Q: 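Would you mind keeping the following structure in view while I ask a few things?
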Number of protein chains: 4
Amino acid sequence: MARAPVAQLPTKADPAPRGRKRERILDAAIRVFARRGYHGARVSDIAAEAGIAYGLVYHYFKNKDELLDTIFEERWNAFLAVVERIVAGPESSAEKLRAVAALILFAYRRHPDWVKVLVFEIGRSSRFSEPEQIRAVGRLFQAVARIVRAGQESGELREDLDAELACLAFIGALETMITSQVLGVMQLPGAGEDAEAEAVRTVVELFLGGLAPRGRP
Amino acid sequence: MARAPVAQLPTKADPAPRGRKRERILDAAIRVFARRGYHGARVSDIAAEAGIAYGLVYHYFKNKDELLDTIFEERWNAFLAVVERIVAGPESSAEKLRAVAALILFAYRRHPDWVKVLVFEIGRSSRFSEPEQIRAVGRLFQAVARIVRAGQESGELREDLDAELACLAFIGALETMITSQVLGVMQLPGAGEDAEAEAVRTVVELFLGGLAPRGRP
Amino acid sequence: MARAPVAQLPTKADPAPRGRKRERILDAAIRVFARRGYHGARVSDIAAEAGIAYGLVYHYFKNKDELLDTIFEERWNAFLAVVERIVAGPESSAEKLRAVAALILFAYRRHPDWVKVLVFEIGRSSRFSEPEQIRAVGRLFQAVARIVRAGQESGELREDLDAELACLAFIGALETMITSQVLGVMQLPGAGEDAEAEAVRTVVELFLGGLAPRGRP
Amino acid sequence: MARAPVAQLPTKADPAPRGRKRERILDAAIRVFARRGYHGARVSDIAAEAGIAYGLVYHYFKNKDELLDTIFEERWNAFLAVVERIVAGPESSAEKLRAVAALILFAYRRHPDWVKVLVFEIGRSSRFSEPEQIRAVGRLFQAVARIVRAGQESGELREDLDAELACLAFIGALETMITSQVLGVMQLPGAGEDAEAEAVRTVVELFLGGLAPRGRP
DNA sequence: CATGAATGAGCGTTCATTCAT
DNA sequence: GATGAATGAACGCTCATTCAT
C-alpha cells in the first residue's frame with residue numbers, strides 16, 4: 001500500500017535510465033556508503049560505482065557531505081511520510097505500532113544499503129549532531145509518541161509510563177534488531193521473511209504485553 | 001563493590017599520577033574520541049589532551065587503531081564482568097533485568113565519554129565488523145538472554161517470545177535512551193539521576209508488563 | 001641510430017612540452033635521485049624539480065617506489081635493447097666488446113644522472129634483491145657472456161676462462177670506472193671525450209690482451 | 001699469514017666476551033647493516049642484535065652515522081694494512097695481484113657481512129661522497145696501482161696502458177664478482193672455496209693474459 | 001654503566017575539491 | 001554537460017636522539 005516511496009529506492013533490476021545522472025550518483029553513494037562507511041568511501045569510488053567521472057559529482061552536489069545530507073533528507077522524508085500516514089490512519093494504536101515495526105524491518109530486508117547508511121552513517125557521531133538532522137530524526141520519535149499518547153488517551157494503553165520514553169524503547173528495539181542482523185551478532189530465529197515476522201511479533205508483543213505472564217497483576 | 005574497574009576511569013579531579021602515562025593516554029583518547037569521533041580525533045589531539053608528546057602514543061600503542069581496540073577490550077571486559085556478576089546472582093529475573101538497566105544507564109551518567117565511545121565509535125562503523133569485537137558484544141546479549149531464559153524456565157517470564165530477540169529489544173531500548181540523551185533528540189522527563197531512574201523504570205516496566213493495561217488479556 | 005630512447009632523456013635545454021607531465025616527473029626524479037640518493041630525495045623535491053604539485057606524482061605513480069621501478073624498467077630496457085642489437089651484429093667479438101664498453105661509458109658522459117641512479121640507487125641493497133630486477137640486470141651479463149662465448153667458439157677468444165666470470169669482470173671494470181669518475185676517487189687521464197676513449201681502450205685492451213707483454217708466454 | 005686483523009672479525013663462534021660492549025655493538029651493526037642496509041637498520045635493531053638497550057649505543061657512539069664511519073675506518077684500515085703489506089713484499093707483480101684478488105674474495109667468503117656493508121653501504125650512497133672516505137678508498141686503488149706501476153717499470157707488465165685505469169678495472173672486476181654472488185645474479189662455476197679459486201684465476205689470468213689467445217698478436 | 005621513557009622533526013600518502021578543456 | 005589532470009591541506013607514523021633515573 002503506502003510503500004510507493006520506499007519502493008522507488010534503487011534495485012539492481014532498475015538501474016535508473018540514462019540521463020538521470022543525479023539519481024545514479026545518489027544510488028551509487030548509498031551502495032558505497034553502506035559498503036565502506038562514509039569516511040571509507042572515496043568520491044571516486046562513488047563515481048566509479050555510478051559509472052561516471054568523479055568531477056561530475058560536483059556538478060550535482062556541492063561536496064561529499066551534501067551527498068549524505070541529500071540521501072538523508074530525500075529518503076528519510078519519504079520514509080517519514082509513510083510513518084505519518086500510518087499515524088494518521090484509523091487503526092488502533094496496537095495496529096499502528098505493528099505497522100511501524102513492520103515498515104522498519106521490511107525496509108531493511110528490501111533495502112539493506114539504505115538502512116545501513118541511515119543507521120550507521122547518519123545516526124552517528126558528529127554529522128548527526130547537526131540540529132537539522134536531529135530534528136528530522138526527532139520527527140520519527142514524535143510520530144511514534146503520538147501513537148502512544150493517542151492510545152493512552154483512548155485508554156488502549158496504560159498511562160503511567162512516559163510516552164516519549166516508551167517510544168525511544170520501541171525504536172531502539174527495532175534498530176538493534178537490524179544492527180544485529182547487519183553484523184550477525186546473533187542468529188535470529190527463522191530466516192528472511194520469517195525472521196522479520198517473528199521480530200515484529202516479538203517487539204510488538206513485548207511492547208504491549210511485556211514479558212511477565214498475564215496472570216501476574 | 002564490583003565497580004572498582006569502572007570507578008578508576010578518569011575524572012578531572014584525578015589527573016592520574018606521573019608514570020602512568022599509558023593510562024593517561026587511554027583516558028585522553030576516550031575523551032577525544034567522545035568529543036570528535038574516531039575519525040575526527042587526531043593522534044596529536046589525544047597527545048595534547050594527555051599532556052605528552054604524540055610520539056609517546058606510539059611507544060605504548062602500535063597505532064591509532066590499537067587505541068580504540070584497547071579501550072574497547074579493557075573497558076568492555078570490565079563492564080561485562082559486572083554484568084556477568086549480576087547474571088550469576090540469586091535475584092529474580094526481574095530484579096536482574098532492573099540491575100542491568102540501572103548499570104547501563106548509571107554508567108552513562110557517570111562516564112558519558114566512555115559510553116559515547118563504546119556506542120558511537122565501536123558499536124557502529126566498520127571496525128565493529130571484526131569478529132572479535134562482535135563476539136565481545138555478543139557476550140552482553142548472551143548474558144541478558146541467560147537472564148531471560150532462566151526467567152522463562154522458572155515460570156517467572158512468559159515463554160512464547162524468543163529470549164534472544166527479547167534481549168535485543170531490551171538492550172536496544174537502553175542504547176537508544178542513551179543516544180537520545182547524548183544527542184538531545186528528545187527532552188526526557190526529569191534530569192540527571194531522576195531521568196535515569198525514570199528511564200530504568202520505563203524500560204523494565206515495558207519489558208515486563210508491556211504498554212497494554214493489565215485488565216486487557 | 002638506436003639511441004632514440006636514450007636521447008629523449010631530459011636535458012636542461014629541452015624542458016619537455018606541457019602535458020607530458022609524467023615524463024617531466026620521471027626526468028625530475030632521475031635528477032633528484034642522482035643528486036641526493038633515493039632515500040634522501042623527498043617526493044616534494046621531485047615535484048618541485050618537475051614544477052608541479054607533489055600530489056600529482058601520486059596521480060601518475062602509486063608511490064615513491066614505483067618511480068624508481070619505472071625509471072629502471074623503462075630506461076634499462078631501452079639500454080638493453082641497444083646492447084642486444086650489438087650482440088646480434090655481424091662484427092667480431094672484439095668489436096662487439098669495444099662497442100659495449102663505448103656504449104656504457106658514452107651513456108655515462110651523456111646522461112650521468114641516469115647512470116648514477118642506475119648504478120647507485122638500483123644496483124643496490126634491498127630493492128635490488130627483487131627477483132625481477134636481478135633478472136633484468138642478469139640480461140646484461142648474459143648478453144655480454146654471449147659475445148664471449150661466441151668468440152670462444154669461433155676461436156677468436158681463448159677457451160680456458162669461464163665466459164660468465166669473464167663478463168662479470170668486464171662489466172665490473174666499466175662500472176668501477178664510472179664510479180670513480182662520479183666520486184672523483186681518481187683523476188683519470190685526459191678529460192671528457194678523451195678520458196672516455198682512453199677508458200674504453202684500456203678495458204678492451206686489458207680484457208683481450210692482458211697486462212703481461214705479448215713476448216712472455 | 002697477514003690475516004690476523006681480518007680474522008678478528010665477529011664470528012658466531014666467538015661472540016665477544018662480556019664487557020666488550022663496544023665491539024658487540026659494532027659487530028651487531030655490521031650484521032644488521034648487511035641484512036637491511038644502512039637506512040633500513042634501526043638503532044634499536046642493532047641494540048637488540050647486540051643484546052643491549054639502545055640507549056647504550058649512544059654511550060659508545062655519537063650517532064648512527066658514527067657507527068658506519070667507525071666500521072669503515074677500523075675494518076677498512078685493517079684491510080688496507082694487509083694490502084699494503086702485500087704491496088711491500090718481494091714477490092713479482094703477478095704474484096701480488098693474485099694475492100690481492102685472493103685476499104678480497106677470501107674476505108668475502110669468510111666475512112660476507114663485513115664485505116656487504118663495505119661494498120653496498122659505504123661504497124655506494126651519498127655518505128661515500130665524504131672526502132675522508134673517498135681518500136680511504138683511494139688508498140686501495142693507489143696500492144694496487146703501485147703494484148702495476150712497479151711491474152711496468154720492471155718490464156714485467158706492458159707500459160702502454162694507464163696503471164690507474166688498469167687497477168680500477170682490476171678492483172671493479174673483483175667487486176662485481178662479489179656483488180653477483182651476494183645477489184645471485186649469476187651462477188658461478190663451482191661452489192665455496194672452488195668458486196673463489198676459479199674467480200681469482202679468471203681475474204688474474206684476464207688481467208695479465210687477456211682473453212685473446214696468445215698466438216694472435 | 002645501563003635503561004627505556006619521552007620527544008618531535010620529518011616524510012610519505014590520501015583524497016576532497018577545483019578548473020581548464 | 002562531462003572529464004580527469006592538478007592542487008595542497010591534513011595526518012598517521014617512524015625513528016634518531018636525549019635524558020632522568
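Here is the naming used below: chain letters follow the sequence lines, and residue numbers restart at 1 for every chain. Nothing here was measured: the structure is a model prediction, and the numbers come from that model.
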Q: Looking at residues at least two apart in the chain, or sitting in another chain, which of them share a salt bridge (charged side-chain N to carboxylate O under 4.0 Å, His left out) with D/R135?
A: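 With sequence neighbours excluded, D/R135 shows a salt bridge (charged side-chain N to carboxylate O under 4.0 Å, His left out) to no residue whatsoever.
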Q: Nearest-Å distance, CG (C/D45) to C1' (E/dG10)?
A: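 Those two atoms, CG and C1', are 12 Å apart.
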Q: D/R22 CZ to E/dA2 P: how many Å, rounded?
A: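 Interatomic distance, CZ of D/R22 to P of E/dA2: 14 Å.
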Q: Please state how far atom CG in C/L67 lies from atom P in E/dG12, giving the value in whole angstrom units.
A: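 C/L67 atom CG is separated from E/dG12 atom P by 11 Å.
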Q: Answer yes or no for B/K64 and B/Y38: cation-pi contact, defined as NZ/CZ to six-membered ring centre under 6.0 Å and angle to ring axis within 45°.
A: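 Yes; both conditions hold, so B/K64 lies above the ring face of B/Y38.
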Q: What do the steps show when you test A/D27 against A/D113 for side-chain contact (heavy atoms from CB on, under 4.5 Å), and what is the final call?
A: CA-CA 10 Å; A/D27 292 344; A/D113 288 346; over 6 Å; no
Q: Answer yes when B/E121 and B/R35 have at least one side-chain N-carboxylate O distance shorter than 4.0 Å, and no when they do not.
A: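 No, this pair does not count.
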Q: So, for C/Y54 and C/S44, which heavy atoms are closest and what is the spacing to 0.1 Å?
A: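 Residues C/Y54 and C/S44, closest heavy atoms: CB-CA, 4.2 Å.
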Q: Quick one, give me the B/S/- string for nucleotides 16-21 of chain E, reading 5' to 3', where B means a protein heavy atom under 4.0 Å from the base and S means that only happens at the primed atoms, P, OP1 or OP2.
A: SBB---
Q: Thinking salt bridges, do B/R22 and B/E74 make one under a 4.0 Å N-O criterion?
A: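 Salt bridge present between B/R22 and B/E74.
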Q: Can you tell me if the side-chain N/O atoms of D/K21 get under 4.0 Å from OP1 or OP2 in E/dA2?
A: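 Affirmative; the distance criterion is met.
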Q: Check the distance between F/dA6's C1' and C/I25's CD1 and give it to me in whole angstrom.
A: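 Spelled out: CD1 on C/I25 to C1' on F/dA6 is 10 Å.
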Q: Return the stems involving DNA chain E, sorted by first number, where pairs are Watson-Crick (N1-N3 with N6-O4 or O6-N4) or G-U wobble (N1-O2 and O6-N3), both under 3.5 Å, and runs are 3 or more long.
A: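 Runs of three or more consecutive pairs: E:2-21 with F:2-21.
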Q: So which one's nearest nucleotide on DNA chain E is more toward 5', D/V57 or B/I52?
A: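 The residue closer to the strand's 5' end, by nearest nucleotide, is D/V57.
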Q: Please give me the minimum heavy-atom distance between A/E66 and A/F61, naming the atom from each residue.
A: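 A/E66 and A/F61 have their closest heavy atoms at OE1-CA, 3.3 Å.
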Q: Atom CD1 of B/I46 to atom C1' of F/dG12: distance rounded to whole Å?
A: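 These atoms are roughly 11 Å apart.
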Q: Relative to the 5' end of DNA chain E, which residue comes earlier, C/G40 or B/A53, by the nucleotide with the nearest heavy atom?
A: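 Closest to the 5' end, via its nearest nucleotide, is B/A53.
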Q: Looking only at heavy atoms, which two atoms of A/A29 and A/I71 are closest? And how far apart?
A: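 Minimum heavy-atom separation between A/A29 and A/I71: CB-CD1, 3.9 Å.
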Q: For A/A47 and A/A53, work out which heavy atoms get closest and say how close.
A: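 Answer, listing the atom of A/A47 first, then A/A53: CB-C, 3.9 Å.
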